[in-house]
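I have placed the structure first, in the form of C-alpha coordinates, so that the comments after it can refer back to it.
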Number of protein chains: 2
Amino acid sequence: MPQAVSKVRSATADEIRQAALEQFAQSGYEATTMRDIAASVGIKAASLYNHFDSKEEILWDLTRSAMRDLDANRDDALARLAPAAVPRVKLAAFVSAHVDFHAERRHQAVLVNSQLGSLSQAHHRKAVALRDAYENSLRTIIDAGVASGEFTVSDVQVATLAILQMGTGVSFWFRPDGRLRIDQVCAEYVKLALAIVRHEIQ
Amino acid sequence: MPQAVSKVRSATADEIRQAALEQFAQSGYEATTMRDIAASVGIKAASLYNHFDSKEEILWDLTRSAMRDLDANRDDALARLAPAAVPRVKLAAFVSAHVDFHAERRHQAVLVNSQLGSLSQAHHRKAVALRDAYENSLRTIIDAGVASGEFTVSDVQVATLAILQMGTGVSFWFRPDGRLRIDQVCAEYVKLALAIVRHEIQ
DNA sequence: GGACTAGACTAACGCCCGTTAGTTAAGTGT
DNA sequence: ACACTTAACTAACGGGCGTTAGTCTAGTCC
(Lines give C-alpha, C1' and ligand atoms only; values in the text may rest on other atoms or scores of the structure.)
Protein backbone atom coordinates (compact mmCIF):
# COMPACT_ATOMS: atom_id res chain seq x y z
CA MET A 1 0.00 0.00 0.00
CA PRO A 2 1.44 3.36 -1.07
CA GLN A 3 2.77 5.48 1.72
CA ALA A 4 0.74 8.62 2.26
CA VAL A 5 2.64 11.83 1.73
CA SER A 6 4.39 12.38 5.00
CA LYS A 7 4.24 15.84 6.41
CA VAL A 8 7.76 17.17 6.29
CA ARG A 9 6.75 20.26 8.20
CA SER A 10 3.69 20.67 10.37
CA ALA A 11 0.73 22.06 8.48
CA THR A 12 -0.37 23.89 11.62
CA ALA A 13 3.00 25.61 11.90
CA ASP A 14 2.55 26.87 8.36
CA GLU A 15 -0.92 28.17 9.18
CA ILE A 16 0.56 29.98 12.14
CA ARG A 17 3.26 31.48 9.92
CA GLN A 18 0.69 32.65 7.43
CA ALA A 19 -1.59 34.21 10.06
CA ALA A 20 1.28 35.86 11.91
CA LEU A 21 2.79 37.22 8.70
CA GLU A 22 -0.46 38.90 7.70
CA GLN A 23 -1.07 40.42 11.09
CA PHE A 24 2.50 41.51 11.76
CA ALA A 25 2.55 43.22 8.35
CA GLN A 26 -0.88 44.77 8.73
CA SER A 27 -0.93 45.85 12.38
CA GLY A 28 2.69 45.55 13.47
CA TYR A 29 4.39 43.09 15.77
CA GLU A 30 3.66 44.85 19.05
CA ALA A 31 0.00 45.40 18.23
CA THR A 32 -0.51 41.73 17.35
CA THR A 33 -1.13 39.36 20.26
CA MET A 34 -0.55 35.64 20.51
CA ARG A 35 -4.29 35.31 21.09
CA ASP A 36 -4.94 37.12 17.80
CA ILE A 37 -2.68 34.77 15.87
CA ALA A 38 -4.14 31.69 17.54
CA ALA A 39 -7.69 32.83 16.81
CA SER A 40 -6.99 33.14 13.04
CA VAL A 41 -5.67 29.61 13.06
CA GLY A 42 -8.60 28.34 15.14
CA ILE A 43 -6.66 27.26 18.23
CA LYS A 44 -5.86 28.71 21.65
CA ALA A 45 -2.85 30.87 22.39
CA ALA A 46 -1.19 28.24 24.58
CA SER A 47 -1.18 25.79 21.65
CA LEU A 48 1.10 28.07 19.67
CA TYR A 49 3.86 26.98 22.03
CA ASN A 50 3.67 23.45 20.62
CA HIS A 51 5.14 24.95 17.41
CA PHE A 52 7.21 27.98 18.41
CA ASP A 53 9.13 28.82 21.55
CA SER A 54 8.06 32.44 21.72
CA LYS A 55 6.40 35.26 19.86
CA GLU A 56 9.77 36.65 18.86
CA GLU A 57 10.75 33.30 17.39
CA ILE A 58 7.76 33.52 15.05
CA LEU A 59 8.85 36.97 13.93
CA TRP A 60 12.40 35.82 13.38
CA ASP A 61 11.27 32.73 11.47
CA LEU A 62 9.20 34.93 9.17
CA THR A 63 11.87 37.58 8.81
CA ARG A 64 14.61 35.12 7.97
CA SER A 65 12.40 33.36 5.44
CA ALA A 66 11.40 36.62 3.82
CA MET A 67 14.98 37.77 3.46
CA ARG A 68 16.05 34.40 2.09
CA ASP A 69 13.21 34.53 -0.41
CA LEU A 70 14.25 38.01 -1.44
CA ASP A 71 17.81 36.83 -2.01
CA ALA A 72 16.65 33.73 -3.90
CA ASN A 73 14.38 35.87 -6.05
CA ARG A 74 17.31 38.10 -7.03
CA ASP A 75 19.61 35.12 -7.61
CA ASP A 76 17.07 33.45 -9.89
CA ALA A 77 16.69 36.58 -11.97
CA LEU A 78 20.44 37.10 -12.34
CA ALA A 79 21.08 33.41 -13.05
CA ARG A 80 18.80 33.57 -16.07
CA LEU A 81 21.11 36.10 -17.72
CA ALA A 82 24.08 35.29 -19.90
CA PRO A 83 27.14 34.92 -17.64
CA ALA A 84 28.81 37.98 -19.08
CA ALA A 85 25.73 40.14 -19.20
CA VAL A 86 26.45 43.83 -19.29
CA PRO A 87 25.70 45.92 -16.14
CA ARG A 88 22.69 47.58 -17.74
CA VAL A 89 21.06 44.18 -18.22
CA LYS A 90 21.97 43.08 -14.72
CA LEU A 91 20.56 46.26 -13.25
CA ALA A 92 17.32 45.76 -15.16
CA ALA A 93 17.05 42.18 -13.91
CA PHE A 94 17.76 43.22 -10.34
CA VAL A 95 15.23 46.03 -10.29
CA SER A 96 12.58 43.93 -11.98
CA ALA A 97 13.05 41.14 -9.44
CA HIS A 98 13.11 43.62 -6.57
CA VAL A 99 9.91 45.34 -7.61
CA ASP A 100 8.19 42.07 -8.47
CA PHE A 101 8.91 40.76 -4.98
CA HIS A 102 7.68 43.93 -3.30
CA ALA A 103 4.45 43.89 -5.28
CA GLU A 104 3.75 40.15 -5.31
CA ARG A 105 4.76 39.38 -1.73
CA ARG A 106 3.69 42.52 0.00
CA HIS A 107 3.38 41.06 3.46
CA GLN A 108 6.89 39.68 3.50
CA ALA A 109 8.19 42.93 2.08
CA VAL A 110 6.42 45.07 4.67
CA LEU A 111 7.69 42.82 7.44
CA VAL A 112 11.28 43.22 6.34
CA ASN A 113 10.91 46.94 5.86
CA SER A 114 9.12 47.91 9.04
CA GLN A 115 9.35 45.25 11.73
CA LEU A 116 13.08 44.60 12.05
CA GLY A 117 13.17 46.82 15.11
CA SER A 118 11.03 44.37 17.07
CA LEU A 119 13.57 41.57 16.75
CA SER A 120 15.86 40.64 19.62
CA GLN A 121 19.25 42.28 19.49
CA ALA A 122 20.97 39.16 18.17
CA HIS A 123 18.39 38.55 15.46
CA HIS A 124 18.29 42.22 14.59
CA ARG A 125 22.01 42.17 13.92
CA LYS A 126 21.66 39.19 11.61
CA ALA A 127 18.79 40.82 9.75
CA VAL A 128 20.72 44.03 9.24
CA ALA A 129 23.67 42.05 7.93
CA LEU A 130 21.43 40.34 5.38
CA ARG A 131 19.95 43.68 4.36
CA ASP A 132 23.41 45.17 3.95
CA ALA A 133 24.48 42.25 1.78
CA TYR A 134 21.42 42.73 -0.42
CA GLU A 135 22.18 46.41 -0.76
CA ASN A 136 25.79 45.58 -1.58
CA SER A 137 24.77 43.26 -4.40
CA LEU A 138 23.06 46.19 -6.09
CA ARG A 139 25.93 48.55 -5.44
CA THR A 140 28.30 46.03 -7.02
CA ILE A 141 26.27 46.10 -10.24
CA ILE A 142 26.25 49.88 -10.32
CA ASP A 143 29.95 50.01 -9.57
CA ALA A 144 30.62 47.72 -12.53
CA GLY A 145 28.57 49.95 -14.81
CA VAL A 146 30.43 53.02 -13.64
CA ALA A 147 33.77 51.26 -14.13
CA SER A 148 32.87 50.27 -17.69
CA GLY A 149 31.65 53.76 -18.47
CA GLU A 150 28.17 52.46 -19.18
CA PHE A 151 26.67 54.32 -16.23
CA THR A 152 27.06 57.94 -15.22
CA VAL A 153 26.32 58.36 -11.53
CA SER A 154 27.54 61.18 -9.37
CA ASP A 155 27.20 59.22 -6.12
CA VAL A 156 26.97 55.44 -6.27
CA GLN A 157 25.82 55.07 -2.68
CA VAL A 158 22.95 57.53 -3.06
CA ALA A 159 21.91 55.98 -6.37
CA THR A 160 21.91 52.52 -4.79
CA LEU A 161 19.73 53.55 -1.90
CA ALA A 162 17.40 55.59 -4.08
CA ILE A 163 16.79 52.69 -6.47
CA LEU A 164 16.18 50.26 -3.62
CA GLN A 165 13.89 52.58 -1.73
CA MET A 166 11.71 53.59 -4.62
CA GLY A 167 11.19 49.90 -5.37
CA THR A 168 10.55 49.09 -1.74
CA GLY A 169 7.80 51.69 -1.73
CA VAL A 170 5.82 49.60 -4.19
CA SER A 171 4.81 47.27 -1.36
CA PHE A 172 2.87 50.10 0.24
CA TRP A 173 0.68 51.07 -2.67
CA PHE A 174 0.50 48.14 -5.09
CA ARG A 175 -2.84 46.36 -5.32
CA PRO A 176 -3.43 43.37 -7.62
CA ASP A 177 -6.65 44.91 -8.93
CA GLY A 178 -5.07 48.33 -9.51
CA ARG A 179 -4.54 50.22 -12.74
CA LEU A 180 -1.20 48.58 -13.57
CA ARG A 181 -0.33 44.89 -13.71
CA ILE A 182 2.77 43.73 -11.89
CA ASP A 183 4.81 43.34 -15.05
CA GLN A 184 3.93 46.88 -16.10
CA VAL A 185 5.01 48.23 -12.72
CA CYS A 186 8.29 46.34 -12.96
CA ALA A 187 8.92 47.70 -16.45
CA GLU A 188 8.27 51.27 -15.25
CA TYR A 189 10.71 50.97 -12.39
CA VAL A 190 13.36 49.45 -14.64
CA LYS A 191 13.08 52.56 -16.81
CA LEU A 192 13.42 54.82 -13.78
CA ALA A 193 16.43 52.94 -12.49
CA LEU A 194 18.15 53.12 -15.86
CA ALA A 195 17.41 56.83 -16.01
CA ILE A 196 19.02 57.25 -12.60
CA VAL A 197 22.27 55.56 -13.57
CA ARG A 198 22.53 57.13 -17.00
CA HIS A 199 21.80 60.76 -16.23
CA GLU A 200 24.27 63.46 -17.13
CA ILE A 201 26.10 65.06 -14.25
CA GLN A 202 25.04 68.68 -14.06
CA MET B 1 7.71 96.50 36.01
CA PRO B 2 8.05 94.59 32.75
CA GLN B 3 5.81 91.61 32.39
CA ALA B 4 7.69 88.34 32.27
CA VAL B 5 7.27 86.44 29.03
CA SER B 6 4.03 84.60 29.54
CA LYS B 7 4.00 80.98 28.56
CA VAL B 8 1.67 80.76 25.60
CA ARG B 9 1.98 77.01 25.61
CA SER B 10 3.06 74.87 28.50
CA ALA B 11 6.76 74.15 28.53
CA THR B 12 6.05 70.75 30.04
CA ALA B 13 3.68 69.89 27.19
CA ASP B 14 6.48 70.65 24.77
CA GLU B 15 8.87 68.43 26.68
CA ILE B 16 6.29 65.68 26.50
CA ARG B 17 5.95 66.18 22.76
CA GLN B 18 9.67 66.02 22.28
CA ALA B 19 10.10 62.87 24.38
CA ALA B 20 7.13 61.13 22.79
CA LEU B 21 8.27 62.03 19.28
CA GLU B 22 11.70 60.54 19.83
CA GLN B 23 10.38 57.34 21.34
CA PHE B 24 7.50 56.84 18.93
CA ALA B 25 9.93 57.26 16.03
CA GLN B 26 12.61 55.08 17.57
CA SER B 27 10.61 52.23 19.11
CA GLY B 28 7.15 52.64 17.65
CA TYR B 29 3.91 53.80 19.23
CA GLU B 30 2.79 50.45 20.63
CA ALA B 31 6.19 49.68 22.15
CA THR B 32 6.34 53.05 23.90
CA THR B 33 4.51 53.33 27.23
CA MET B 34 3.12 56.35 29.00
CA ARG B 35 5.52 55.54 31.81
CA ASP B 36 8.44 55.65 29.35
CA ILE B 37 7.43 59.09 28.11
CA ALA B 38 6.86 60.41 31.61
CA ALA B 39 10.23 59.12 32.77
CA SER B 40 12.10 61.01 30.02
CA VAL B 41 10.36 64.19 31.11
CA GLY B 42 11.02 63.51 34.79
CA ILE B 43 7.42 63.14 35.95
CA LYS B 44 4.99 60.29 36.64
CA ALA B 45 2.71 58.77 34.04
CA ALA B 46 -0.44 60.11 35.66
CA SER B 47 0.84 63.67 35.29
CA LEU B 48 0.82 63.34 31.51
CA TYR B 49 -2.96 63.56 31.73
CA ASN B 50 -2.68 67.15 32.94
CA HIS B 51 -1.50 67.94 29.39
CA PHE B 52 -3.03 65.38 27.06
CA ASP B 53 -6.27 63.42 27.20
CA SER B 54 -4.79 60.14 26.04
CA LYS B 55 -1.79 58.46 24.48
CA GLU B 56 -3.44 58.56 21.08
CA GLU B 57 -3.95 62.30 21.40
CA ILE B 58 -0.19 62.73 21.80
CA LEU B 59 0.39 60.72 18.65
CA TRP B 60 -2.19 62.71 16.73
CA ASP B 61 -0.79 66.01 17.98
CA LEU B 62 2.67 65.00 16.78
CA THR B 63 1.43 63.59 13.49
CA ARG B 64 -0.63 66.64 12.62
CA SER B 65 2.24 68.96 13.49
CA ALA B 66 4.69 66.94 11.44
CA MET B 67 2.45 66.93 8.39
CA ARG B 68 1.78 70.66 8.74
CA ASP B 69 5.51 71.28 8.99
CA LEU B 70 6.10 69.19 5.90
CA ASP B 71 3.52 71.23 3.98
CA ALA B 72 4.91 74.51 5.27
CA ASN B 73 8.41 73.44 4.31
CA ARG B 74 7.29 72.76 0.75
CA ASP B 75 5.28 75.98 0.57
CA ASP B 76 8.26 78.04 1.73
CA ALA B 77 10.50 76.49 -0.89
CA LEU B 78 8.03 77.06 -3.71
CA ALA B 79 7.19 80.59 -2.56
CA ARG B 80 10.82 81.58 -2.95
CA LEU B 81 10.67 80.90 -6.69
CA ALA B 82 9.60 83.36 -9.34
CA PRO B 83 5.82 83.11 -9.74
CA ALA B 84 6.09 81.72 -13.26
CA ALA B 85 8.97 79.35 -12.58
CA VAL B 86 9.22 76.51 -15.03
CA PRO B 87 8.28 72.97 -13.87
CA ARG B 88 11.90 71.84 -13.80
CA VAL B 89 12.71 74.54 -11.25
CA LYS B 90 9.61 73.76 -9.22
CA LEU B 91 10.45 70.07 -9.18
CA ALA B 92 13.96 70.83 -8.00
CA ALA B 93 12.63 73.03 -5.21
CA PHE B 94 10.08 70.42 -4.17
CA VAL B 95 12.56 67.57 -4.05
CA SER B 96 15.16 69.62 -2.26
CA ALA B 97 12.64 70.65 0.39
CA HIS B 98 11.32 67.10 0.68
CA VAL B 99 14.75 65.58 1.16
CA ASP B 100 15.89 68.34 3.48
CA PHE B 101 12.90 67.71 5.73
CA HIS B 102 13.45 63.96 5.77
CA ALA B 103 17.12 64.39 6.66
CA GLU B 104 16.86 67.32 9.05
CA ARG B 105 13.73 66.27 10.92
CA ARG B 106 14.12 62.53 10.91
CA HIS B 107 11.90 61.82 13.86
CA GLN B 108 8.94 63.67 12.43
CA ALA B 109 9.51 62.02 9.07
CA VAL B 110 9.69 58.53 10.51
CA LEU B 111 6.54 59.16 12.52
CA VAL B 112 4.58 60.18 9.44
CA ASN B 113 5.96 57.30 7.41
CA SER B 114 5.53 54.44 9.83
CA GLN B 115 3.12 55.23 12.65
CA LEU B 116 -0.03 56.38 10.88
CA GLY B 117 -1.53 52.94 11.40
CA SER B 118 -1.65 53.46 15.16
CA LEU B 119 -3.95 56.47 14.89
CA SER B 120 -7.65 56.17 15.60
CA GLN B 121 -9.78 55.61 12.54
CA ALA B 122 -10.92 59.24 12.37
CA HIS B 123 -7.41 60.65 12.74
CA HIS B 124 -6.02 58.06 10.34
CA ARG B 125 -8.44 59.26 7.68
CA LYS B 126 -7.36 62.86 8.15
CA ALA B 127 -3.68 61.90 8.00
CA VAL B 128 -4.16 59.94 4.78
CA ALA B 129 -5.99 62.89 3.26
CA LEU B 130 -3.07 65.17 4.11
CA ARG B 131 -0.61 62.67 2.66
CA ASP B 132 -2.64 62.39 -0.53
CA ALA B 133 -2.72 66.17 -0.87
CA TYR B 134 1.05 66.32 -0.49
CA GLU B 135 1.48 63.64 -3.12
CA ASN B 136 -0.91 65.52 -5.40
CA SER B 137 1.12 68.69 -5.14
CA LEU B 138 4.09 66.85 -6.62
CA ARG B 139 2.01 65.18 -9.29
CA THR B 140 0.68 68.58 -10.34
CA ILE B 141 4.22 69.81 -10.94
CA ILE B 142 5.09 66.74 -13.00
CA ASP B 143 1.84 67.03 -14.95
CA ALA B 144 2.71 70.61 -15.83
CA GLY B 145 6.14 69.57 -17.04
CA VAL B 146 4.67 66.84 -19.19
CA ALA B 147 2.07 69.23 -20.61
CA SER B 148 4.75 71.75 -21.56
CA GLY B 149 6.91 69.04 -23.11
CA GLU B 150 9.69 69.75 -20.66
CA PHE B 151 9.37 66.33 -19.02
CA THR B 152 9.21 62.93 -20.61
CA VAL B 153 7.57 60.47 -18.26
CA SER B 154 5.90 57.25 -19.29
CA ASP B 155 3.72 57.05 -16.16
CA VAL B 156 3.20 60.18 -14.08
CA GLN B 157 1.76 58.32 -11.10
CA VAL B 158 4.67 55.91 -10.85
CA ALA B 159 7.19 58.73 -11.26
CA THR B 160 5.47 60.73 -8.53
CA LEU B 161 5.53 57.86 -6.05
CA ALA B 162 9.08 56.88 -6.94
CA ILE B 163 10.40 60.39 -6.38
CA LEU B 164 8.58 60.74 -3.08
CA GLN B 165 9.63 57.36 -1.80
CA MET B 166 13.27 57.60 -2.65
CA GLY B 167 13.35 60.93 -0.79
CA THR B 168 11.40 59.51 2.13
CA GLY B 169 14.00 56.81 2.48
CA VAL B 170 16.59 59.40 3.40
CA SER B 171 15.09 59.61 6.89
CA PHE B 172 16.16 56.02 7.53
CA TRP B 173 19.85 56.33 6.71
CA PHE B 174 20.87 59.96 6.97
CA ARG B 175 23.15 60.86 9.88
CA PRO B 176 24.38 64.40 10.52
CA ASP B 177 27.94 63.15 10.95
CA GLY B 178 27.85 61.01 7.82
CA ARG B 179 29.86 61.28 4.62
CA LEU B 180 27.52 63.77 2.94
CA ARG B 181 26.17 67.06 4.26
CA ILE B 182 22.45 67.67 4.02
CA ASP B 183 22.79 70.11 1.14
CA GLN B 184 24.87 67.57 -0.80
CA VAL B 185 22.23 64.90 -0.27
CA CYS B 186 19.51 67.27 -1.42
CA ALA B 187 21.50 68.13 -4.54
CA GLU B 188 22.00 64.45 -5.35
CA TYR B 189 18.31 63.67 -5.08
CA VAL B 190 17.39 66.67 -7.21
CA LYS B 191 19.61 65.22 -9.93
CA LEU B 192 17.97 61.82 -9.61
CA ALA B 193 14.48 63.31 -9.75
CA LEU B 194 15.33 65.33 -12.84
CA ALA B 195 16.77 62.21 -14.46
CA ILE B 196 13.51 60.39 -13.72
CA VAL B 197 11.33 62.98 -15.39
CA ARG B 198 13.59 63.58 -18.36
CA HIS B 199 14.43 60.04 -19.37
CA GLU B 200 13.75 58.83 -22.90
CA ILE B 201 10.93 56.33 -23.26
CA GLN B 202 12.44 53.10 -24.42
C1' DG C 1 -4.34 87.05 53.23
C1' DG C 2 -7.71 84.30 51.45
C1' DA C 3 -9.74 82.02 47.28
C1' DC C 4 -8.40 79.92 43.32
C1' DT C 5 -5.74 77.33 39.95
C1' DA C 6 -2.19 74.46 37.83
C1' DG C 7 0.21 70.67 37.97
C1' DA C 8 2.67 67.52 40.40
C1' DC C 9 1.97 63.35 43.39
C1' DT C 10 0.33 58.32 45.33
C1' DA C 11 -2.65 54.58 44.86
C1' DA C 12 -5.19 51.74 42.48
C1' DC C 13 -8.49 49.69 38.98
C1' DG C 14 -9.61 46.57 35.39
C1' DC C 15 -7.75 44.54 31.63
C1' DC C 16 -4.76 42.18 28.64
C1' DC C 17 -0.18 40.51 27.81
C1' DG C 18 3.30 36.47 26.96
C1' DT C 19 4.02 32.40 28.93
C1' DT C 20 3.86 27.93 31.88
C1' DA C 21 1.86 23.76 34.06
C1' DG C 22 -0.79 20.06 33.90
C1' DT C 23 -4.40 17.33 31.53
C1' DT C 24 -6.61 14.85 27.86
C1' DA C 25 -7.65 12.84 23.55
C1' DA C 26 -6.30 11.22 19.11
C1' DG C 27 -3.19 8.95 16.29
C1' DT C 28 1.15 5.75 15.41
C1' DG C 29 4.35 1.89 15.66
C1' DT C 30 5.26 -2.80 17.15
C1' DA D 1 -3.27 -4.44 23.00
C1' DC D 2 -0.23 -1.30 24.67
C1' DA D 3 3.39 2.16 25.10
C1' DC D 4 4.55 6.41 23.09
C1' DT D 5 4.13 10.82 20.85
C1' DT D 6 1.78 14.83 19.25
C1' DA D 7 -0.85 18.57 19.85
C1' DA D 8 -4.85 20.26 21.42
C1' DC D 9 -7.11 21.96 25.77
C1' DT D 10 -8.18 24.63 30.56
C1' DA D 11 -6.46 27.35 34.12
C1' DA D 12 -3.68 30.46 35.87
C1' DC D 13 0.51 33.39 37.03
C1' DG D 14 3.06 37.53 37.34
C1' DG D 15 3.47 41.66 35.39
C1' DG D 16 2.73 45.77 32.70
C1' DC D 17 -0.64 48.51 30.35
C1' DG D 18 -3.64 53.00 29.85
C1' DT D 19 -6.25 55.43 32.69
C1' DT D 20 -8.85 57.49 36.85
C1' DA D 21 -9.61 59.34 41.53
C1' DG D 22 -8.25 61.90 45.03
C1' DT D 23 -4.65 64.61 47.47
C1' DC D 24 -1.12 68.02 48.22
C1' DT D 25 1.66 72.09 47.29
C1' DA D 26 3.32 76.14 45.28
C1' DG D 27 2.25 80.15 42.95
C1' DT D 28 -1.32 83.94 41.25
C1' DC D 29 -4.96 87.39 41.54
C1' DC D 30 -8.02 90.62 43.97
Side-chain angles (χ1 to χ4, degrees), chain A residues 1-21 23-24 26-63 115 117-124, chain B residues 1-21 23-24 26-63 115 117-124:
Chain A
M1 151 177 170
Q3 178 89 11
V5 175
S6 73
K7 58 163 201 253
V8 174
R9 300 169 67 202
S10 154
T12 304
D14 278 341
E15 286 183 64
I16 294 170
R17 286 187 186 89
Q18 181 62 31
L21 175 61
Q23 297 188 52
F24 287 168
Q26 223 143 66
S27 317
Y29 175 78
E30 307 284 354
T32 301
T33 72
M34 294 297 263
R35 287 165 177 85
D36 290 337
I37 298 169
S40 332
V41 178
I43 61 178
K44 301 293 174 185
S47 301
L48 295 173
Y49 292 85
N50 288 323
H51 305 276
F52 295 91
D53 286 342
S54 68
K55 188 186 179 188
E56 199 267 350
E57 201 214 320
I58 302 180
L59 177 63
W60 173 236
D61 180 285
L62 293 171
T63 303
Q115 304 298 321
S118 297
L119 288 167
S120 71
Q121 212 172 351
H123 289 154
H124 182 76
Chain B
M1 151 181 173
Q3 177 89 12
V5 174
S6 74
K7 60 164 198 246
V8 174
R9 301 169 64 201
S10 152
T12 304
D14 278 341
E15 286 184 64
I16 293 170
R17 285 188 187 89
Q18 181 62 30
L21 174 61
Q23 297 188 52
F24 287 168
Q26 223 144 67
S27 317
Y29 175 79
E30 308 285 353
T32 301
T33 73
M34 293 297 264
R35 287 166 177 84
D36 290 337
I37 299 169
S40 334
V41 178
I43 59 179
K44 301 294 176 183
S47 302
L48 295 173
Y49 292 84
N50 289 323
H51 304 276
F52 295 92
D53 286 342
S54 69
K55 188 185 179 189
E56 198 268 349
E57 202 213 318
I58 302 179
L59 177 62
W60 172 236
D61 179 285
L62 293 171
T63 304
Q115 303 299 321
S118 297
L119 289 167
S120 71
Q121 213 172 352
H123 290 154
H124 182 74

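Throughout, protein chains are lettered first and strands after them, A, B, ... in sequence-line order, and every chain is numbered starting at 1.
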Side-chain donor or acceptor of [X] paired with backbone N/O of [Y] under 3.5 Å:
X: A/Y29; Y: A/E56; value: yes
X: B/E57; Y: B/F52; value: no
X: B/S40; Y: B/A19; value: no
X: A/D61; Y: A/I58; value: no
X: A/E30; Y: B/G28; value: no

Just the rounded figure in Å: distance from [atom2] of [N] to [atom1] of [X].
X: A/F52; N: D/dT6; atom1: CZ; atom2: C1'; result: 16 Å
X: B/I43; N: C/dA6; atom1: CD1; atom2: P; result: 17 Å
X: A/H51; N: D/dA8; atom1: NE2; atom2: C1'; result: 8 Å
X: A/N50; N: C/dA25; atom1: CG; atom2: P; result: 16 Å

| message | So, OP1 or OP2 of C/dG7: does either fall under 4.0 Å of a side-chain N or O from B/S47? | response | no

| A/T12 vs D/dA7: side-chain N/O to OP1/OP2 distance below 4.0 Å | no

| task | Side-chain contact test, heavy atoms from C-beta onward, threshold under 4.5 Å: evaluate it for A/T12 versus A/H51 and give yes or no. | result | yes

Are there any protein N/O atoms within less than 3.5 Å of an N/O atom in nucleotides 17-19 of chain C, and if so, which ones and at what distance?
{"unit_1": "C/dG18", "atom_1": "OP1", "unit_2": "A/T32", "atom_2": "O", "d": "3.4"}
{"unit_1": "C/dG18", "atom_1": "OP1", "unit_2": "A/K55", "atom_2": "NZ", "d": "2.9"}
{"unit_1": "C/dG18", "atom_1": "OP2", "unit_2": "A/M34", "atom_2": "N", "d": "2.9"}
{"unit_1": "C/dG18", "atom_1": "N7", "unit_2": "A/R35", "atom_2": "NH1", "d": "2.9"}
{"unit_1": "C/dG18", "atom_1": "O6", "unit_2": "A/R35", "atom_2": "NH2", "d": "3.1"}
{"unit_1": "C/dT19", "atom_1": "OP2", "unit_2": "A/Y49", "atom_2": "OH", "d": "2.7"}
{"unit_1": "C/dT19", "atom_1": "OP2", "unit_2": "A/K55", "atom_2": "N", "d": "2.9"}
{"unit_1": "C/dT19", "atom_1": "O5'", "unit_2": "A/Y49", "atom_2": "OH", "d": "3.1"}

